[in-house]
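I have placed the structure first, in the form of structure tokens, so that the comments after it can refer back to it.
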Amino acid sequence: MTKKTLTREIPNAWDKYSDEDIKKVFDVSDRYKQFMSACKTERECVDEFVKMAEEKGYKDLKEIIKNGDTLKAGDKVYANNMGKTLAMFVIGKQSFEKGLTILGAHVDSPRLDIKQNPLYEDSELALLETHYYGGVKKYQWVAIPLAIHGVVVKKDNTVVNVVIGEDDNDPVVGVSDLLIHLSADQLGKKGDKVVEGEDLNLLVGSRPIKDKDVKEKVKENILVILNEKYDITEEDFVSAELEIVPAGKARDYGLDRSMVMAYGHDDRICAFTSFEAIAKIDETEKTCVALFVDKEEIGSVGATGMHSKFFENIVAEVMDRVGEYSELKLRRCLTNSKMLSSDVSAAFDPNYPSVMEKKNAAFFGKGIVFNKYTGSRGKGGCNDANPEFIAQIRAIMDKHNVAWQTAELGKVDQGGGGTIAYILAEYNMEVIDCGIALQNMHAPWEVASKADIYEAVRGYEAFLIEA
């Protein structure tokens, strides 16, 4: 008689890998590094996903609706919302009333945004004013090389794409810090006051233009440079969306190259792995969805955030093309759906053990992370997943030999965080947070395990197939 195992040990995923598996781990991470190096804004992520989706045979839902075409099982479509939100569908064999299997991630990350009237000159230096976006430690954004990404929309609706600071021949910009010799008062402040939000001004120039009739010569020179390269004027900043991000490529991290350092792991690491998973799906019983949304870092608000009606509306449009739409069927579809809210978790860091409770912490190399709840302190603001759904997820992961672990975001009274999980749960669907553990979360450069990236792709694919 076989003895029943009563305890559970969570092995390190690296221990189970063959040489062939390790090659797959590194191949996925190489693709991921290329993606992260190129895609540092939500617009860039959506553009790249659309390009890759079309290469995989996905069609634009807008064109299908325009042409009056219908959809059937096996068809693949995407819907692009304002260039910053994307939904991808693989149409299943079953009725939509049976529900969808959904992977939902966000593609915005903490950063600095350039203000609408940003450019000024002070002491013969040209600077751009910024407003930080999302939860950041402001002092981490000084004295590091920064790049400018985004779009400028002119009055004639011309969209000008801007990327400055990523090419080796590009200049970089940055926010200055106070020298240690004069920082006695600064170092006596609390961490959130060491650098104030209004002091995150971007130094962009110091050379005056040679024109005696111009008062602010350095500012004027910057405007001339921008006009020559991008054909924009100072007024065009009003209708610009320019984001300040760390300059540089994603890199292997660690002497053993077992990790990846990149800007924006939160949450593009889950977006990328979700895309990789749905890209493997050709035929499915239930309709599969990968959803990439904006504005999560500031509360999922606005037309491109999860609180908007975009997803609900686009599911209705897809159901209409399949010939199944009614208001009641839409409600049944959403209620019967199951979702992994694909968002990151915090990895245990031996440098800062006091904020974690080790038995309920995530660790590098232990695989994909399930957070039954997030929220803060008394689970405030969280989605608390049902045990029936968690049991189903356990069975799926074990069936496909996916390395997985569970965690909560730090000690009970230490802090917390939130995701888009609770928003989808409002439809009465089953939702659980599921992602990849990070060190340095919300810092300019975050770190993740390559093994966990690989296991996330495998786990997300297994969920789409089985749930």
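Counting begins at 1 with the first residue of the sequence.
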Within a radius of less than 6.0 Å around NZ of Lys137, do more than 12 heavy atoms belonging to other residues, nucleotides or ligands occur? no

Using only heavy-atom distances, determine whether the side chains of His149 and Glu166 contain a donor-acceptor pair under 3.5 Å. yes

Who are the ring pair (Phe, Tyr, Trp, His ring centres under 6.0 Å) partners of Tyr32, not counting sequence neighbours? His265, Phe272

Ile436 backbone acceptor or donor facing Asp452 side chain under 3.5 Å: no

Surrounding OH of Tyr352 (heavy atoms of other residues, nucleotides or ligands, distance under 6.0 Å), is the total greater than 12? no

Would Lys138 and Asp199 pass as an ion pair if we require N to O under 4.0 Å? no

Ser29 and Ile453: which non-hydrogen atoms are nearest, and at how many Å? OG-CD1, 4.1 Å

Taking it one step at a time, do Asp21 and Lys16 satisfy salt bridge (Lys or Arg N to Asp or Glu O under 4.0 Å)? CA-CA 9 Å; Asp21 290 330; Lys16 72 175 182 177; over 6 Å; no

Can you confirm whether Met259 sits close enough to Gln439 that some side-chain heavy atom of one is under 4.5 Å from a side-chain heavy atom of the other? no

Hey, does Tyr230 have a side-chain heavy atom less than 4.5 Å from the side chain of Ile164? yes

Report, as yes or no, whether the 6.0 Å neighbourhood of atom NE2 on His131 holds more than 12 heavy atoms from other residues, nucleotides or ligands. no

One pair to check against side-chain contact (heavy atoms from CB on, under 4.5 Å): Leu340 and Ile393. What are the steps and the verdict? CA-CA 10 Å; Leu340 298 184; Ile393 295 295; 4.0 Å; yes

Is it true that, when you exclude Asn117 itself, more than 12 heavy atoms of the residues, nucleotides or ligands shown sit nearer than 6.0 Å to its CG? no

Is the shortest heavy-atom distance from the side chain of Val344 to the side chain of Val369 under 4.5 Å? no

Donor-acceptor pair, distance only, cut-off 3.5 Å: does the side chain of Lys450 make one with the backbone of Arg257? yes

Return the minimal non-hydrogen interatomic distance between Asp433 and Thr419, and the atom names on each side. OD1-OG1, 2.6 Å

If you look at every heavy atom in Leu100 and Val289, which pair is closest and at what distance? CD1-CG2, 4.0 Å

Does any part of the side chain of Val195, heavy atoms only, come nearer than 4.5 Å to the side chain of Trp141, both counted from C-beta? no

Are Asn401 and Arg458 packed together at the side-chain level, in the sense that at least one heavy-atom pair is separated by less than 4.5 angstrom? yes

List the steps and the verdict of side-chain contact (heavy atoms from CB on, under 4.5 Å) for Arg394 and Met397. CA-CA 5 Å; Arg394 288 172 52 200; Met397 297 300 124; over 6 Å; no

Closer than 3.5 angstrom, by distance alone: can the side chain of Ser37 be matched with the main-chain N or O of Ala250 as a donor-acceptor pair? yes

Polar side chain donor-acceptor pair, Tyr133 to Asp108, under 3.5 angstrom: yes

Could you tell me if the side chain of Phe311 sits less than 4.5 Å from the side chain of Leu291, heavy atoms only? yes

Does CZ in Phe348 sit with more than 12 non-hydrogen atoms of other residues, nucleotides or ligands closer than 6.0 Å? yes

Check this for me, if you would: do Arg43 and Glu243 make a salt bridge, where the nitrogen-to-carboxylate-oxygen distance has to be below 4.0 angstrom? no

Could you pull out all residues at least two apart from Ser109 that satisfy side-chain contact (heavy atoms from CB on, under 4.5 Å)? Tyr263, Arg268

Compare all side-chain heavy atoms of Trp404 with those of Glu455 and state whether any distance is below 4.5 angstrom. no

Quick one: side chain to side chain donor-acceptor pair (under 3.5 Å) pairs with a partner in residues 301-313, sequence neighbours left out? Asp294-Thr304, His307-Tyr422, Glu312-Arg331, Glu312-Tyr427

Going by the side-chain contact (heavy atoms from CB on, under 4.5 Å) test, name the single residue among Leu128, Leu146, Leu203 that passes it with Val173. Leu146

If you count heavy atoms of other groups shown closer than 6.0 angstrom to OH of Tyr253, is the number above 12? no

Below 4.5 Å, heavy atoms only, C-beta onward: do Phe237 and Leu226 meet side chain to side chain? yes

Basic-acidic side-chain contact under 4.0 Å: Lys24, Asp27: no

Where Glu44 and Lys40 come nearest, the two heavy atoms and their spacing: OE1-N, 2.8 Å

Parallel, tilted or perpendicular: which one describes the rings of Phe35 and Phe49, with boundaries at 30° and 60°? parallel

Just checking, is any N or O donor in the side chain of Thr158 or Asp156 under 3.5 Å from an acceptor N or O on the other one? yes

Residues Trp445 and Gly248: closest non-hydrogen pair is CH2-O, 3.6 Å

Euclidean distance, Leu409 CG relative to Asn371 CG, rounded to 0.5 Å: 7.0 Å

Under the side chain to side chain donor-acceptor pair (under 3.5 Å) criterion, do His442 and Gln140 qualify, and how do the steps go? CA-CA 10 Å; His442 280 214; Gln140 292 179 330; over 6 Å; no

Carboxylate-amine/guanidinium proximity below 4.0 Å for Glu20 and Lys23: no

So, are Asp113 and Arg111 salt-bridged, with charged N and O less than 4.0 Å apart? yes

So which heavy atom on Val218 is nearest to which on Leu125, and how close? CG1-C, 4.1 Å

Flag for Tyr78-Glu54: side-chain donor and acceptor within less than 3.5 Å: yes

